[in-house]
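Here the structure is laid out as structure tokens; the discussion comes afterwards.
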Amino acid sequence: MDELDNQKLTLVARKPCFGLPTACPSCLPVYIYLRFAQVPFDLSFNLIHPDSDQIPYIESGAYVAYNNEKGGVLESLKEDGIIDLDSQLHAIPEWLSMKVMISTWLEEAIMYELWVCSDGSSAKKIYYSDLPWPIGKILYFKQIHAVKQLLGITKDNAERREEEIHRRATIAYGALSTRLGEQTFFFENRPSGVDALFLGHALFTLQALPDTSVLRSKLLEHSNLVQYAEKLKTEFMEAGSSSSSVPRFPAEPSSSTSRRGPSNWSSKAKSKPKREKTEEEKTFRRRAKYFLVTQLVAVLVFLSLLGVSGGDNEVDLDDEDDDYNY
Amino acid sequence: MALKENQEETPISENPNGDEEGGEESQADGVGDFEDEDEDEAEEEDEEEEARSEKSRESRLAEDGSKLESMFRRLASEKVKLRVHDVLIKGNTKTKDSLIEAELEAIKNATTMQELLKAAGIANHRFHSFGIFDSVGITLDCGPPELPGTVNVIVDVVETKNPLTGDLGIFTKPEARTWSLEGSLKLKNLFGYGDLWDGSLVYGWDQSSEISAGVSLPRFKGMVTPMLARVSLLSQDWLKFSSYKERSLGLNLGLISTKRHDLTYNLLWRTLTDPSQMSSRAVRRQLGHGLLSSLKYTFRIDNRNSVLRPTQGYAFISTSQIGGLVPDYRSLRFLRQEIDLRCAIPLGFYRTALNLGISGGVIFPWGNGALSMPSSLPERFFLGGNSSPVCTLGGPTTLLGFKSRGLGPTERRRLIRDKSNGENSETSGRDVIGGDLAVTAFADLSFDLPLKLFRDAGIHGHVFACAGNLTKLTENEFRKFSFQKFLDSFRSSAGFGIIVPTKLFRMEVNYCYILKQFEHDHGRTGVQFSFSAT
């Protein structure tokens, strides 16, 4: 019997603020995607791991879809056959290029605005406000350094890179605005992954970035994009979910169990996937271990019997007794 | 003549008649008869030996022997009054005078010869314990001739030539759960305050590694006990048992450290991660960063006659830890209490002794909403492992026969469906998540083996029985707690074995039989080896 049936989804994301259900720019699209899919889910927050690339993740019983596997949470959901809003859209060439444009150019622009060119108040509020002060401070500076490395920004090329990032964002907004026109959604008049990604980006830019932000002002130049964001926000996020559908977990086997290496934000080493050992190998290893230990024990017993006395010479300052009894 | 109290670090063979000072010439005299007699009796108590011709020493043997007897009689019957006139310190080029003078207060205030000698002996021992002197000599000389009944105290120190020493060994520290291999470098007396600096690299048997640096000050602003400060970077790998890795950067301050009392403060930045991405829900919720600011107080009484093979006596240790001392509500807040009770009863024949012991521990968080919050995962109790309960004193940790972290509450790990099989085969292990209340108890009967060869080598046998249990109390589980249920779910094991003490460590070869275990426990009936450091 599949134990995942009838277990509610839980989305673990970063904390809500700036009027958004979750203020982290990588968690918000996942939230919106689940709302688009009209799937009931619980929202849970992780406040202590700002530098984790596993967050956001979706769990249900013993099933977990991490963000650093299989290309992201949304891809995992598609692959595992749980939720797929883009099933017929793969054929449209524009769909993929829009998706990639939002995931690279616009995401870089947000990263730049959050970490490099602003005073960091938004980032601190979202990621570090629930960590004790010294830890938050150190992680914040660590993150700035990591983002600068990722975006290839150095003291010499800082201005050039900034210009390039903003130029790309402008091009992206222009293309998206043209594609959207007066429609409600980007493709086939229904919500898709591209809508989730862009809506998340747009809401974050409009609400979480400061008014002085260059990216925000560029987005405001495209009124149809702003209206699109406002309308969908009202429709899907503020008007409470009315869905009564049960999450679908068809019994399709998921793909391989390989674990991805570290993505952008984590600088920790990951363990390699362990090779499955066969029964014979395990027995062989156990027997070899016993053999070696028995040999060692025999040598030690032999040495003891030769007259090596029990331990007395190891001096450990920590255990020294200070008292001096007269 | 001069009176001397000497102590050196190298072992010295003691002359039973104590006549080492017999050949010394007196440089001042005429102060009074009692002085000569005092000098002789002090010689007898002296432990230091100077280079002298053997023939002259032998000739004085007989003479001093009789003098000593009369001196003893005098000392026993009378109080010899005197006053310390002056204290001179010689030989300290780097060490500050204030450090040495601080230990001489009792000497300065002595009013009788007995008090003076006792104070001198204690001061000598204290200097020796600093670890920065090669030798210390306290000489009592007669005072200026115009002031009768006075003595001058001359402290002669020889500082270590080589301040840098290295060390490699196998140790077991009270807070560690298993033994570890440690390499360290020590720098002595860098600033002249008796400061001992050390840097060390430790690799523990439980896949932990630590790099740390510390300083120890024997006297810090008037405190009598040494003050220790240590900065360490520790990394522990619990992936196999509980799917998480722990890394912490911490500052540890030893505030009070005496034979019975120990107070330390710990400030720690701890990060839990899961590179395997297989953790269970309970562990996933705890991954991240945390700040631990805690005060730990240990009260210890141990009057057993041996740590490794106690045959008589009892021990009681209570460790209390309170975390969350900074006003920041976001740091880890908890209260943790551990108690150990041990008792050794000799049975009279074949050096047989019955060792009984019970250990318990409890942890719970405090603060707003604490009752429904989980306790911090690394601070919980975990039972299991093969270290000997007789020698291990550090809360409820060990249960012979069960693997490390081998019993207690567990939770299912992440499920990954295996596509390679035709059907939906699911591979999922379990994470050991520890408990908030732990109790272990044991009874151990140790005895000498019949063969003289074994007895001489210290090899002995033992028969034992252990029991232990672990349960969760936080997240409102305490409401469902029932004492009867807790008792019913005790795991237990019994067995026998041989203990082989070697120079480097103590090895036990045991045959354990698991009497009771539950579904997800990892107890194994069979032969097991366990090692603990001596």
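These numbers come from a predicted model, not from an experiment. Throughout, a chain's letter reflects where its sequence line sits, starting with A, and its residues are numbered from 1.
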State the [atom1]-[atom2] distance between [X] and [Y], to the nearest 0.5 angstrom.
X        : Y        : atom1 : atom2 : value
A:Ser44  : B:Arg285 : OG    : CZ    : 4.0 Å
A:Gln54  : B:Asp274 : CD    : CG    : 5.5 Å
B:Leu453 : A:Ser304 : CG    : OG    : 10.0 Å
A:Trp133 : B:Arg330 : CH2   : CZ    : 11.0 Å
A:Ile135 : B:Leu249 : CD1   : CG    : 9.5 Å
A:Ser60  : B:Leu415 : OG    : CG    : 10.5 Å

message = If you count every heavy atom of other residues, nucleotides or ligands that lies below 6.0 Å from A:Phe18 atom CZ, does the total exceed 12?
response =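 Atom CZ in A:Phe18 is crowded, with more than 12 foreign heavy atoms closer than 6.0 Å.
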ask   = Above 12 or not: heavy atoms from other molecules or residues under 6.0 Å from NZ of A:Lys15?
value =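 Buried by this count: over 12 neighbours within 6.0 Å.
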Please look at [X] and chain A and tell me whether the side chain, the backbone, both or neither of the residue comes under 4.5 angstrom of a heavy atom of that chain.
X        : result
B:Glu411 : neither
B:Ile498 : neither
B:Val527 : neither

ask   = Of the listed residues (A:Val301, A:Thr10, A:Asn46, A:Leu300), which shares the most heavy-atom pairs with chain B below a 4.5 Å separation?
value = A:Leu300
Residue pair [X] / [Y], side-chain heavy-atom distance below 4.5 Å:
X        : Y        : answer
A:Leu131 : B:Trp269 : no
B:Thr273 : A:His49  : yes
B:His289 : A:Pro132 : no
B:Thr502 : A:Leu303 : no
A:Leu305 : B:Ile459 : yes

request  = Could you tell me which portion of A:Ile138 (side chain, backbone, both or neither) has an atom closer than 4.5 angstrom to a non-hydrogen atom of chain B?
outcome  = side chain
ask   = Side chain, backbone, both or neither: which part of A:Asp130 has an atom under 4.5 Å from a heavy atom of chain B?
value = both
message = Would the distance check show the side chain of B:Arg281 and the main-chain N or O of A:Glu59 forming a donor-acceptor pair, the cut-off being under 3.5 Å?
response =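 Looks like no, no N/O pair under 3.5 Å.
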task = Examine distances only and state if a side-chain atom of B:Arg414 and a backbone atom of A:Val64 form a donor-acceptor pair shorter than 3.5 Å.
result = yes
Give the table of side-chain donor-acceptor pairs shorter than 3.5 Å for residues 287-296 of chain A, with sequence neighbours excluded, one pair per line with atom names and distance.
from	atom 1	to	atom 2	distance (Å)
A:Tyr290	OH	B:Arg524	NH1	3.0
A:Thr294	OG1	A:Tyr290	O	2.5

message = Side chains of A:Asn68 and B:Gln277 only: does a donor on one sit below 3.5 Å from an acceptor on the other?
response = yes
Residue list, side-chain contact (heavy atoms from CB on, under 4.5 Å) with B:Arg333, at least two apart or on another chain = B:Tyr329, B:Trp366
inquiry  = With side-chain contact (heavy atoms from CB on, under 4.5 Å) as the criterion, how do A:Ser52 and B:Leu287 come out once you've worked through the C-alpha distance, each side chain's angles and the decisive distance to 0.1 Å?
reply    = CA-CA 9 Å; A:Ser52 164; B:Leu287 298 177; over 6 Å; no
